[in-house]
Amino acid sequence: MSNEELEAQNQYFRHRLDELTGQTLKADARISRMSRELRHRRDALALLSDLHRRVTSEMEAVEIYRLLLIAVQKALKMDRVFLLLRSEQGVCFEIAAGVGGDSNSKTSLHIPDDLLRPDTCLLVTKGSAETSFVSQFREAMGLNFFALVPVVLRGEVRGLLVSGRQREFKPFYPPLDEHDVNTMAALAGFLGSALTNRELFYEQRRLADSFRRFVPQQFLEFLGYNSIADVEMGGQVQRKMVILFSDIRSFTAISERMTPKDNFDFINRYLDFVAPAVLENGGFIDKYIGDAIMALFPGEADSAIGAALGLHQGLARFNQQWMAAGHDPVRIGVGLHLGLLMLGTIGFKERLDTTVIADAVNLASRIEGLTKHYGAGVLITSTLRDSLLQPAKFAMRTVDFVRVKGKGESIELVEVFDCDPERIRAGKVGSLALFADGFSAYTAGRFEEAHMIFERILVDVPDDGAALLLASRCRRFRDMGSPVDWSGVVAMEK
Amino acid sequence: MSIDTPPSTLPAGEQPGLLAGVGHSELEDSCSAGREASLMAMNALGGRNPRLALLFCTGRHDPAALQQAVRDVIGVECRLIGGYSVGVITHAFASYDGYEVGVILMAGDGLSMEAFSEVGLPGAEQILGRKLGRRFAEAGVRDGDNLLLFYDTIFMDGDQPLLNMATPLLAGLASTLGAEPVIAGMGMIGDMQLLPTHQFFDGQLLQQSVIGLLLREGIKMHTTIMHGCRPASRYYQISRADGPLVLEMDGKPALQVVREMLGEDSELTPEDYAFFLTLGVNNGDRYGDYRESDYANRMCIGVDHERQALIMFEDDLREGCFVQLMRRSLDFSYIQPSVKRLFAEVAESGRSVVLAFCIDCAGRAAAYCGLDAEEADEVRQAIPADVPFLGVYSGVEIAPMRDVPRALDWTGVLCVFSA
């Protein structure tokens, strides 16, 4: 091969090699660019996925902001990221959170209306027009190049997500572009959804709290429901519980002297003092019936007695204020019984209610009605007394055997008198043995002996209601004769 | 030669009289991050007081708060040296561009060191190199000692970032040292926007500084260079250059040469050449087999349209120099053998590993170079798990090539310290 041919061949291969080098470099550049774009999108998706996993409805808003802003800063390689929220007055936007800059700045920014649309984003790069807003915003945020996207909650622009860089530097920090804006818009959408969910969560919780005030949570739980929304018609369950009834004595007479509004004000004020005792002692209020309270206690029987005494303590505080206003004191009676109940839902699909169905409920109600006969603050059945874990904690005495209307068997009535004024309580405690003797004589039909004992008790405790009642009854049976087949049980027809 | 790492007789990181511990953090608060990272490193020292701390953090941190937080943990007697890096590499992960902090602590009576700093780099790299060299000469530096260099890579000309040059710095240093220590190091940057950086030197927070740390007497630094680039072209001869500007190659304007190579239909504009075009200098046999250790790479960081020139990271591509366009390797299989080979060399020398320290060009991180995988993952996975290890992302790397310290681009330098 001649020198000329060798040189031509050399030139040929040089050109081909240069061409190949160029092709290789171009291919490498393309691969790099595609890889960057892919990484950009992959990072954004990973970011959304991570946020979705970490952000919960119960999380504090500032923690959600922090997670999001840090994520934006790291994934999009931004110098600064801010969340601006509409001020309380709704006119300006203020920095709610930020990373990479002064997030405590009290800067208040007026944003032009045309940027406050749910679908409007702003991208400011080196080539962007320098409007007065852009200049002002650059200075306030300390960012030369930035993207601004709306944070929309329930269709309303409530905030703005802003992030950007102080410098553009190719290829590592190229000018912000529509990919950045799209990623930010997706993140702002996520933030809007997270905050909306959070708002809805707390609204729902408030709503549930409100419902809970109408339908006790415990009631729902007994029926196996988590929330009121799960309630279906016909759900029912049987449980053994203490039923408590309380009622204001002579409420009709009191209410007759009041306007309807005063009536409601009076009842609500009274309930405000007494009703918390039920919840404080582990019970729940099933319903109010006018001035009456019906409460259920699924736990220990002792706590139901504690609640009954608590009602009286609340009443004493109420009476202090009530009497100071020139009124006569209000008195209540509380009746309790332990028995099987059916808890369930009744009604039809358009109007449901929860209810308790049981003889035990009627009995508790009747016992409450008997309190006024014995001048007792609290009357319970022996069934309840016998189930107490610590009966010695309470001052109690048996005051009667009765057969209430519609019931075959007799009921032993037990008075709990810890709530009596101290003088009366002390007198009753002091005469417990004597009262028991009198009551034995009475049930045995020795009415003269019983009468004398109760009269002796009344000398020391003249306002002992049960002693008064039994003394009167013994006198009557002594003078007029006892009922046929006397067994110590009287029928209470009313 | 076997590339498996023979076991050392003592646990790595704990040699007689010498102990290293490493900690890291990604906390956003600088005080908390400094405390977390340094406490983690302290725990590894098993109650011994540290005598040397190397501290690295990204530009997102408050450097003064971080420095003080670390100082509060390590005590006032410990020397504290370091500065910005784009991220850190640990046994567990490689992470960058966030709030990364890395701390190396060294303790033990066997640690002999000297450290000096000089400030005022821009335009005075060679002068500062000479000053630093004289100070180490006065301190008695000897052949075979180990010198770590940390310098500020960035200086701002108004809003425009410019680079301090490592080549004149090294030339100045070599002219006054009076000995030939093993030199490795890094140009420090805290982010890839080339924003200003800081350096830590004991209680001082410096800028535009160069810091030298001399480790000697019993401790030895072994290095390996991992470019990840292979030649992709014929040789071009630089026919005209001016400092870091390559004006002409083969007698043609440099931009024209590249443009002709890419073709008129190329999507690539000259603005795309920055941090993409890499020129390699083969210091070995020009027509022999490819040997990674013979190549020094120079990355293009911009173009000068007016002078039709490529602006390079360093100013050592002079007239007459032959260069090749280099292609970045997408295959990382070269990394693990290089790392294992270095550990094997240490073991064969009868010494035990105390610490592994990696200086990795930040531009090689996947997010910046447009690769799917992190080459740093290959490095960290190849380091034995019981060796205290920290890597940092740098702007420029310095390592010995054919026993001469050189400034390198687009390179990973692994330094293994043995006792």
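Note on naming: letters A, B, ... go to the chains in the order of the sequence lines (proteins, then strands), and numbering restarts at 1 for each one.
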task: Give me the ring orientation class for B:Tyr368 and A:Tyr173: parallel if the planes are under 30° apart, tilted from 30 to 60°, perpendicular past 60°.
output: tilted
- prompt: So which part of B:Glu26 gets closer than 4.5 Å to some heavy atom of chain A, the side chain, the backbone, both or neither?
  reply: side chain
task: Against chain A, label B:Arg60 side chain, backbone, both or neither, depending on which of its atoms sit under 4.5 Å from a heavy atom there.
output: side chain
- line: One option among A:Glu19, A:Gln73, A:Gln166 has the most heavy-atom pairs under 4.5 Å with chain B, and it is A:Gln73
field: Residues of residues 254-262 of chain B within contact distance of chain A, non-hydrogen under 4.5 Å
entry: B:Met261, B:Leu262
- request: Flag this pair as yes if the NZ/CZ of A:Lys74 is under 6.0 angstrom from the six-membered ring centre of B:Tyr96 and inside a 45 degree cone about the axis; otherwise no.
  value: no
Chain A interface, residue from B:Ala232, B:Gly98, B:Ala366 that has the most non-hydrogen pairs under 4.5 Å: B:Ala366
- prompt: Is any residue of residues 21-28 of chain A within less than 4.5 Å of chain B by heavy atoms, and which ones?
  reply: A:Thr21, A:Gly22, A:Thr24, A:Leu25, A:Lys26, A:Asp28
query: At what distance, to the nearest 0.5 angstrom, does CD of B:Gln193 lie from CD of A:Glu168?
result: 10.0 Å
query: Where is the tightest heavy-atom contact between A:Phe172 and B:Gly363, given as atom of each residue plus distance?
result: CZ-CA, 4.3 Å
- prompt: Hey, which residues of residues 122-132 of chain A are touching chain B, say heavy atoms under 4.5 Å apart?
  reply: none
- prompt: What are the two closest non-hydrogen atoms of B:Cys369 and A:Ser32, and how far apart are they?
  reply: O-OG, 3.2 Å
query: Considering only heavy atoms, which portion of B:Asp62 lies under 4.5 Å from any heavy atom of chain A: side chain, backbone, both, or neither?
result: neither
field: Toward chain A, the part of B:Leu194 with a non-hydrogen atom under 4.5 Å
entry: both
Residues in ring pair (Phe, Tyr, Trp, His ring centres under 6.0 Å) contact with B:His61, at least two apart in sequence or another chain: B:Tyr99
